[in-house]
Q: 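Below you'll find the structure I mean.
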2 protein chains.
Amino acid sequence: MPERKPRKDAARNREAVLAAADALFARGGSPDDVTMADVAAAAGVGKGTLFRAFGDRPGLLRALYEARLEPLREAVESGPPPLGPGTPPEQRVPALLDAVLCFKLDNRRLALALEESGTGSPYQAEHYRHWHGLLRAVLEQIPGLSDSAFTAHALLAATRADLVEHLAGPEGLPRERLRAQLADFTARVLASGTRKGPPSAEG
Amino acid sequence: MPERKPRKDAARNREAVLAAADALFARGGSPDDVTMADVAAAAGVGKGTLFRAFGDRPGLLRALYEARLEPLREAVESGPPPLGPGTPPEQRVPALLDAVLCFKLDNRRLALALEESGTGSPYQAEHYRHWHGLLRAVLEQIPGLSDSAFTAHALLAATRADLVEHLAGPEGLPRERLRAQLADFTARVLASGTRKGPPSAEG
DNA sequence: TTACAAAGCGGACCATGGGTCCGTATCGTC
DNA sequence: GACGATACGGACCCATGGTCCGCTTTGTAA
């Protein structure tokens, strides 16, 4: 089932919808002020088209999110340090968390929309499992840390979209300050496992 | 405005609604399978009554939650150690987090319903601010910890209802194991501060 | 006990937004 | 150019939160 390619009008419409949705979510305001009808109208297509292309609202959000996430995913899977695979765990963990945080800062409304409008728990989502699995694996390589799975959950929880939104905007902490605080927190969690010298808290 | 007391049928109905909602949410299944109409029907009252008493859905959830939370709040505000005020911060922080975790374990569906069906972000909720403020104040008394506010957020994030639900059930980690993991994580966060000066890159 | 206003009741009703359906238009192939 | 497959689009459906208002209950005061 090598999924035969879509017709070209279908492809065009798909792109139009993604672009429109992107623009709408970018505009400030609560994510669920953006209705599916709004998106369809902004894209210049009918609701039927929208739903056929993405299945349902979470599907659209997911598609958007994945698209935005792609570069980061690539950087993590096959990029240079400190994100890429060739990085010592002690540096890679904070780098990963910082990257996630920055991503959520850069895509606040979208991340928010996805987490709150998701099909049930965000923890079911494929992309969460991906990040959690990765982080867990890296944590596992750091000696002196037990419960990598839980630690990964707990660290990722500190980057949840609604928390980030609460802290960062509007009129909240500046970006760099938030990054520093997360880095500090991460360092504390990692430091306690390793007995020896300071892990050079800088990423 | 010394809010004159409600009529007794109103009081009775309010209780009936709370009891019914409690029972309905306790029954397994997704929290939003429980509609307001369901609650009204189960309580044997009309929808109008329900909405007059609680304003809206989040209002009902909040009322239920607060009621359940009351004993814990009391234990924290004026109970004996390790929850009460007379406890050294190093012991009180883990005790508080453990209490929150246990509470969410004991009231999973309800906590879930509240967090996901809340009016926007859970971080706006009065009860969150309460816990955060308290935890932050206690953390502040521990030397060597910077960014108490962020630390409090991050620690509380590890007890979020959907994460707890994801980990604990169904067929998940047993209660004691989860508690142990959270305790361990908390200890790691606290331990790292007491060793030396602040390693942070930003103050 | 009766009278009567204020408080409360309840369920028909409304608005909104996600999701479906199907007659019509477009595509792409022969 | 013709014809089947694919896609379009917006009218339509329906669940659910929330409102409205004529009727009932309660509490009080004569």
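Letters A, B, ... mirror the listed sequences (proteins, then strands); counts begin at 1.
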Q: Hey, does N13(B) reach any base, or is it just sugar-phosphate, or nothing, if we go heavy atoms under 4.0 Å?
A: sugar-phosphate
Q: Mind calculating the distance between NZ (K5(A)) and C1' (dA7(D)) to the nearest angstrom?
A: 16 Å
Q: Can you identify which nucleotide, out of dC9(C), dG17(D), dG18(C), has its nearest atom closest to the R52(B) side chain?
A: dC9(C)
Q: Quick one: F54(B) CZ to dG17(D) P, roughly how many Å, whole number?
A: 15 Å
Q: Ignoring hydrogens and geometry beyond distance, is the side chain of K47(A) in donor-acceptor contact with the base of dG19(C) at under 3.5 Å?
A: yes
Q: Among D33(B), D38(B), D32(B), whose side-chain hydrogen bond (donor to acceptor under 3.5 Å, both in side chains) with T35(B) holds?
A: D38(B)
Q: Among the candidates dG10(C), dG18(C), dT26(C), find the nucleotide nearest to the side-chain atoms of R7(A).
A: dT26(C)
Q: Take the protein atom CZ of R57(B) and the nucleotide atom P of dG18(D), then report the distance between them rounded to whole Å.
A: 9 Å
Q: Please say whether more than 12 non-hydrogen atoms of neighbouring residues, nucleotides or ligands are located less than 6.0 Å from CD in E74(A).
A: no
Q: Does dC27(C) have OP1 or OP2 under 4.0 Å away from a side-chain N or O of K8(A)?
A: no
Q: Inspect the surroundings of CZ in R175(A) and state if more than 12 heavy atoms from other residues, nucleotides or ligands are less than 6.0 Å away.
A: yes
Q: Among dT20(C), dT26(D), dA7(D), find the nucleotide with the atom closest to the side chain of A10(A).
A: dA7(D)
Q: Atom OH in Y65(A), atom CD in E126(A): separation rounded to 0.5 Å?
A: 12.0 Å
Q: Heavy atoms under 4.0 Å, any strand shown: does T49(B) hit a base, just sugar-phosphate, or nothing?
A: base
